[in-house]
Amino acid sequence: MIFNQQQSLHKELSRYRALQKTIGFVPTMGALHTGHLSLVEKALSQNGIVVVSIFVNPTQFNNASDLQKYPRSLDQDVKLLQTLNGVVLIYAPKPSDLYGKQVISKHYDFGGLENPMEGKFRKGHFDGVGTVLNLLFRAIRPDKAYFGEKDFQQLQVVRKLVQLEKLPVEIVGCPISREPHGLAMSSRNNRLSDTQFEEAGLIYQTLKEVQYKFDQYSVTKLKDWVQKQFSKNAHLELEYFEIAIAKTLKPAVRKRSGNTYRAFIAVFAGEVRLIDNMALN
Ligand code: AMP
């Protein structure tokens, strides 16, 4: 069932609440793929009913052309969700239904989680993410909400958001779904040419190699090696590669025992921006 307005969604949700059903929530920007569906399936396995929001959130885009070109395929998304077993309610609002008249973001202090990597290269991105999720959480009041590790920095920011806003929701992290050659599934992959799609396998191969080499080499050596890998490729341009402490997302300078590290990468294939990450130890 699809809802464009909070009011009708609230009504339907209260029916399920009265039946003591728990509510799982999967926020998305649509153009759904197997990665999104894996989150919805997990949510269905742990809840009585699941809400999937489909909303391309304007306030989290720092680039107008990226927002304009973001793939939109609501009819196809609805069909895909209907193939799943279980009750899925789709919330696909207009900006005004969530934001009211002013579609602007609130400013958040996520304790530094918002500053490196995506935060550094997409100014204001996490303010937009925090704002829309705060509005969505308050509109849906889910018991659990599901987020992909594909956007690992976002996952950490959301955990912090829930603390800051004192929201009674459990955040569940879900593994990254990948194409057969390793590229992380993404709505943006639709915009890649066949060659770009094939070449983008280098992102995963590079992360795997860094994971393999992590014990033997320094952070500086690994970062230099990654730069070289991408400088040799005519189809891909490295925006950043970072090794950071998984919990705080502070970029690592030197490895210290006891810390859990993760590699983070952003790459342009033509105009299409792709991100990925991987646990290193
Ligand atoms: P998006 O529609 O890109 O905003 O993504 C909605 C949710 O799906 C986010 O929690 C993403 O992290 C998650 N997601 C996107 N791609 C993948 C993937 N390849 N594997 C797992 N989760 C994903």
Side-chain angles (χ1 to χ4, degrees), residues 24-46 50-63 66-67 69-74 76-78 80-81 84 88 90-93 95 98 113 117-118 122 125-126 128-137 140 142 144-162 169-192 197 200-201 203-204 207 246 249 262 264-267 272-279:
F25 175 40
V26 182
T28 81
M29 298 205 298
L32 301 182
H33 51 66
T34 313
H36 294 117
L37 296 185
S38 71
L39 269 58
V40 183
E41 275 166 347
K42 185 158 186 177
L44 280 168
S45 75
Q46 298 183 347
V50 171
V51 179
V52 176
S53 63
I54 297 182
F55 179 64
V56 182
N57 174 36
T59 65
Q60 73 188 66
F61 284 80
N62 59 325
N63 177 323
D66 192 25
L67 170 61
K69 290 186 180 157
Y70 198 85
R72 289 159 172 89
S73 54
L74 186 60
Q76 171 72 10
D77 293 347
V78 172
L80 273 175
L81 291 170
L84 303 177
V88 177
I90 302 165
Y91 176 48
L98 264 178
L113 292 170
M117 304 177 300
E118 291 304 283
R122 301 184 70 187
H125 173 66
F126 288 117
V129 168
T131 303
V132 76
L133 287 173
N134 182 40
L135 292 167
L136 284 164
F137 285 145
I140 293 159
K144 295 185 183 191
Y146 298 77
F147 290 85
E149 287 184 348
K150 155 86 177 9
D151 302 278
F152 191 86
Q153 189 172 9
Q154 169 175 278
L155 173 61
Q156 301 296 62
V157 163
V158 175
R159 293 188 197 282
K160 187 76 189 176
L161 173 78
V162 163
V169 53
E170 183 188 332
I171 302 303
V172 183
C174 305
I176 304 176
S177 302
R178 297 182 178 280
E179 299 289 349
H181 69 321
L183 177 64
M185 288 185 177
S186 164
S187 307
R188 289 190 162 90
N189 293 356
N190 292 338
R191 294 177 55 206
L192 298 173
F197 180 83
I203 300 169
Y204 176 72
L207 288 175
L249 300 180
R262 229 173 156 97
F264 297 84
I265 191 164
V267 169
V272 185
R273 188 169 182 278
L274 303 168
I275 61 169
D276 202 347
N277 68 89
M278 193 175 280

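One-based numbering, in listed order, for ligands and for the atoms of each.
At least one heavy atom of P27 sits less than 4.0 Å from an atom of ligand 1. For A31, the closest heavy-atom approach to ligand 1 does not fall below 4.0 Å. Look at Y70 and you'll find a heavy atom under 4.0 Å from some atom of ligand 1.
Residue I176 places no N or O, backbone or side chain, under 3.5 Å from any N or O of ligand 1. Checking only distances, C174 never comes within under 3.5 Å of ligand 1, N or O to N or O. Remark: ligand 1 and S186 share no N or O pair separated by less than 3.5 Å (distance only, no angle test).
Side-chain contact between L98 and Y91: present, with at least one pair of heavy atoms (C-beta onward) separated by less than 4.5 Å. Side-chain contact between F55 and L136 is absent, with no heavy-atom pair separated by less than 4.5 Å. A 4.5 Å side-chain heavy-atom check between K150 and I275 finds at least one atom pair inside the cut-off. Within the 4.5 Å cutoff, the side chain of F264 has heavy atoms near those of the N277 side chain. Side-chain contact between V40 and L32 is absent, with no heavy atoms from C-beta onward closer than 4.5 Å. The side-chain heavy atoms of F126 and L161, taken from C-beta on, include no pair separated by under 4.5 Å.
From the protein, the heavy atom lying nearest to atom 4 (O) of ligand 1 is M29 CG, 3.6 Å. For atom 23 (C) of ligand 1, the closest non-hydrogen atom on the protein side is K150 CB, 3.9 Å. Ranking protein heavy atoms by distance to atom 11 (C) of ligand 1, first place goes to D151 OD2, 3.1 Å. Nearest protein heavy-atom contact of atom 20 (N) of ligand 1 is S177 N, 2.8 Å. Looking at atom 10 (O) of ligand 1, its nearest protein heavy atom turns out to be G148 N, 2.9 Å.
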| request: Starting from the C-alpha separation in whole Å, work towards a yes-or-no answer on side-chain contact (heavy atoms from CB on, under 4.5 Å) for I265 and L274. | output: CA-CA 8 Å; I265 191 164; L274 303 168; over 6 Å; no
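Ring-plane geometry between F197 and H181 is classed as tilted, the angle between the planes lying from 30 to 60 degrees on a 0 to 90 degree scale.
R262 forms a cation-pi arrangement with F152, by the criterion of a distance under 6.0 Å to the ring centre and an angle within 45° of the ring axis.
Contact annotation for L155 and ligand 1: no heavy atom of the residue comes within less than 4.0 Å of the ligand. At a heavy-atom cutoff of 4.0 Å, ligand 1 is contacted by no atom of E149, backbone or side chain.
The heavy atom nearest to atom 8 (O) of ligand 1, considering only M185, H36, R188, is found in H36. Nearest-residue assignment for atom 21 (C) of ligand 1 (options P175, A145, G173; heavy-atom criterion): P175.
Near F147, meaning under 4.0 Å from one of its heavy atoms, ligand 1 places the atoms 10 (O).
Closest non-hydrogen pair, L113 versus Q156, comes out as CD1-O, 3.5 Å.
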